[in-house]
2 protein chains.
Amino acid sequence: MATRTRNTERLSRERIVEAAVELLDTTGEDGLTFRALSAHLRTGPGAIYWHVANKGELLDAATDAVLTRGMTGEAATGTPQEVIRAIALVLFDAIDEHPWVGAQLSDGPWRSVTLQICERIGQQIQRLGVPGAEQFMAASAVMLYILGAARQNAANARMNPPGADRAAILATQAAAWEGLDPEGFPFLRHVAGQMREHDDREQFVAGLDLILVGITGLA
Amino acid sequence: MATRTRNTERLSRERIVEAAVELLDTTGEDGLTFRALSAHLRTGPGAIYWHVANKGELLDAATDAVLTRGMTGEAATGTPQEVIRAIALVLFDAIDEHPWVGAQLSDGPWRSVTLQICERIGQQIQRLGVPGAEQFMAASAVMLYILGAARQNAANARMNPPGADRAAILATQAAAWEGLDPEGFPFLRHVAGQMREHDDREQFVAGLDLILVGITGLA
DNA sequence: ACCTGAACACCGTTCAAGT
DNA sequence: ACCTGAACACCGTTCAAGT
């Protein structure tokens, strides 16, 4: 019985995408390489191209897989505001857990999953009684905020070493702002202290609520 | 008199960054290469490394240059809402004109230019009479929306061929939505027609105004 | 101090050859 | 039909050598 160094399990688009997600999660965006991926799948780099057209498509598929996984829980119920908040948090958490999704999201905004998200949000906008002419605008604003803010948060998280002490980072940040020139930066100096008890996720929802207040005013 | 193929003008960080911006604008993100850049500057790839640490720093510097250029006009005056709108539009237009800036913005969010933007917005939040405990939250929400939405818009613009017919693109988009399953996508089908007279820039401001309504409610 | 350009280690992608 | 892995064209970055 020879040592098995060869691939026994068949290759498939699903296995490839799954491995890609794993690689992206563990080694970051730069870690996803056709060589690393094929090694992980015990095959050659060329084999992947039989199932996936190129790296862009692979990244799209990985993004889609993660977001779909997140969005397929049972739909939230409650007031329109509550449903929108729930959708927003699902996306926030998905992007927070898989930061590379954020960078990818900009490229294909109106496809598959994003389309469903847009639809769900739009339905809640309608439930709020927003007049027809302003429904599209309101839904767009919510989408832009959610995706933009979630991505920004992920980018922030990616900047500091993984598993770093959050409190320490915030304290450093706060100290930096407190050290700013009081003439040029009165506002930042004034709010610097609030950095210390800052919670990204809470802040994200609070911002969303501001938009929802504005939307409610349209009804 | 021999043909001058060599560099006569001295290299400098400014000239390099300027050339990088030019290359990014004309050939896109993939067009910025140390080889292409050094050819453009009539020198070797290694020469650039004397003035710039690496490609990341070069992209940061290019982003900074473009945003600073945009933000250094005379400060807008008027109501807090008007000033915030003016700042937002300056950023929107800068990112619209240099789409690569959008992709870059996520990486270094609290440095130099971004810090100034945050400060200016915060000052307007204070003028609106928002209580201290909520000033930071309100300013963050505005920042997140502006940067996120502007970036998303740039990504959209980057997707279709440069100089393409806007009306045709919107019509195609609208037609696609009108072709959706009316059972699964009632909202998108309902608003599909609005795509045809859709204006990104107007929509961007309208969304911002929703947040401003919410913020005004805090005062 | 500043520039040169060959060289290194890597990458995405292709493709003749195998099964 | 599907997989293999060497090869191609490219990239960021380094560095001994020049001025």
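Note on naming: letters A, B, ... go to the chains in the order of the sequence lines (proteins, then strands), and numbering restarts at 1 for each one. These figures come from a predicted structure and were not determined experimentally.
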ask   = For D/dC10, which nucleotide in any strand shown is its Watson-Crick or wobble partner with both distances under 3.5 Å?
value = none
request  = Compute the ring centroids of B/F204 and B/Y145, then answer whether they are less than 6.0 Å apart.
outcome  = yes
ask   = What's the CG-C1' distance between B/L11 and C/dA1, to the nearest Å?
value = 13 Å
request  = Starting from C1' on C/dC2, measure out to CD1 on B/I16 and report it in whole angstrom.
outcome  = 11 Å
request  = Without swapping roles, check the side chain of A/K55 against the backbone of A/T33 for a donor-acceptor pair under 3.5 Å.
outcome  = no
message = If I take atom NE2 in residue A/H51 and atom P in nucleotide D/dC3, what distance separates them, rounded to the nearest angstrom?
response = 4 Å
request  = Ignoring the backbone of A/K55, work out which of D/dG12, C/dC3, C/dT13 is nearest its side chain.
outcome  = C/dT13
message = Reading DNA chain C from 5' onward, which residue's closest nucleotide shows up sooner: A/T33 or A/A47?
response = A/T33
ask   = In whole angstroms, how far is the P atom of D/dC3 from the CZ atom of A/R10?
value = 5 Å
message = So does A/A192 get a backbone contact from the side chain of A/E178, meaning a donor-acceptor N/O pair under 3.5 Å?
response = no
request  = Check the distance between C/dA9's C1' and A/R35's CZ and give it to me in whole angstrom.
outcome  = 11 Å
key: Between D/dA17 (P) and B/Y49 (OH): distance, integer Å   = 21 Å
message = Counting the atoms with a prime plus P, OP1 and OP2 as sugar-phosphate, which does B/L32 contact under 4.0 Å by heavy atoms, base, sugar-phosphate, or nothing?
response = sugar-phosphate
ask   = Could you give the CG-to-P distance, from A/L37 to D/dG5, as a whole number of Å?
value = 16 Å
message = Using a strict threshold of under 4.0 Å (side-chain N to carboxylate O), is an ion pair present between B/E18 and B/R13?
response = no
ask   = In whole Å, what is the span from the CD1 atom of A/I48 to the P atom of D/dA1?
value = 21 Å
task = Any strand is fair game: report the nucleotide pairing with D/dC15 by Watson-Crick or G-U wobble, both distances under 3.5 Å, or none.
result = C/dG5
task = Verify the distance criterion only: is there a donor paired with an acceptor across the side chains of B/Q152 and A/R151 at less than 3.5 Å?
result = yes
message = Does D/dC2 have OP1 or OP2 under 4.0 Å away from a side-chain N or O of A/W50?
response = yes
